[in-house]
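The next block holds one structure in the form of structure tokens; read it before the comments.
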Amino acid sequence: MIREVIVTTVSDDGTPHVAPFGLIAAAPDEWVIAPFHPSTTLDNLRVVPFLVANYTDDVRIFAGCLTGRRDWPCVPSTVVPPPRLAVALAHAEMAVVSVQEDAQRPRFRCRIVHRETHRGFEGMNRAKAAVVEGAILVSRLGMLPREKVENEIAYLEIAIGKTADEAEREAWSWLMDAVRAHYAGG
Ligand SMILES: Cc1cc2nc3c(=O)[nH]c(=O)nc-3n(C[C@H](O)[C@H](O)[C@H](O)COP(=O)(O)O)c2cc1C
């Protein structure tokens, strides 16, 4: 089982880094993060072996990180060095407990050392789910056939058209700009 979250880490000089990741369930209160090389998150976990899993339904952050918009407001966490997202509905602070090395995709097993809830979850929304799927497509543009990408976008756009609010429309527009730029001239 995988949960799509926004991960915050810090470098050795304390600079925060925000990136979407799928955390893989490993055991009660234990999750695996598996970043592909090269990755700032991966570099940060080597020097400061802590992360925050931010649970948010603000899908602009998923789409934004994939399209060069990484400056999302953070506030200090309670027990670990990386900060948490200011808008998180809830967050879990985690410590790396072991690393399974791999040349392409090392796996960091993490244990929750602290968790907090900040505001209520207000229900599922198809457009938010579509933006998360669209962000994953954009992260794989170089690997997927163009026809598959365009077919999936056409399907996801139905949910955007029927159920999006302003935030989801903005997130979707960032993703579509990235798709157009990728195929420009192609
Ligand atoms: C929902 C979602 C899940 C993702 N999960 C992963 C993942 O498990 N591993 C990975 O390497 N990249 C994943 N990505 C792509 C990373 O967010 C992206 O490559 C990011 O820039 C990581 O690199 P960085 O640490 O240098 O920021 C995911 C992207 C999205 C939108």
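We count ligands from 1, going down the list as the structure has it; atoms in each ligand are counted the same way.
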Examine distances only and state if a side-chain atom of Ser77 and a backbone atom of Val79 form a donor-acceptor pair shorter than 3.5 Å.
-> no
With atoms numbered from 1 as shown, which atoms in ligand 1 lie under 4.0 angstrom from a non-hydrogen atom of Ala19?
-> 27 (O)
Using a strict cut-off of 4.0 Å, indicate which atoms of ligand 1 neighbour a heavy atom of Pro35.
-> 11 (O)
Would you mind telling me if ligand 1 is within reach of the side chain of His37, the backbone, both or neither, using heavy atoms under 4.0 Å?
-> neither
With a cut-off of 4.0 Å, which atoms of ligand 1 are near a heavy atom of His17?
-> 24 (P), 25 (O), 27 (O)
Closest non-hydrogen protein atom to atom 12 (N) of ligand 1, residue and atom name please, with distance?
-> Phe21 CE2, 3.7 Å
Within a reach of under 6.0 Å around CZ of Phe121, are more than 12 heavy atoms found that belong to other residues, nucleotides or ligands?
-> yes
To the nearest 0.1 Å, how far is atom 17 (O) of ligand 1 from its closest protein heavy atom, and which atom is that?
-> Pro20 O, 2.6 Å
Taking atom CG of Asp13 as the centre, does the number of heavy atoms from other residues, nucleotides or ligands within less than 6.0 Å exceed 12?
-> yes
Do any non-hydrogen protein atoms sit less than 4.0 Å from atom 4 (C) of ligand 1?
-> yes
Should you measure from each heavy atom of Arg105, which atoms of ligand 1 turn up under 4.0 Å away?
-> 7 (C), 8 (O), 9 (N)
Heavy atom under 4.0 Å from ligand 1: found in Leu66's side chain, backbone, both, or neither?
-> side chain
May I have the list of side-chain donor-acceptor pairs in residues 127-143 shorter than 3.5 Å, sequence neighbours left out?
residue	atom	partner	partner atom	Å
Lys128	NZ	Asp57	O	3.1
Lys128	NZ	Glu168	OE2	2.8
Ser139	OG	Ile136	O	2.8

Under-4.0 Å heavy-atom contact with ligand 1, by part of Cys65 that carries it | neither
Sorted by chain and residue number, the side chain to side chain contact (heavy atoms under 4.5 Å, CB included) partners of Val97 (sequence neighbours excluded) come out as Arg109, Arg111
Cation over ring face, Arg3 and Tyr55, 6.0 Å, 45° = no
Would you say atom 19 (O) of ligand 1 has a protein heavy atom nearer than 4.0 Å?
-> no
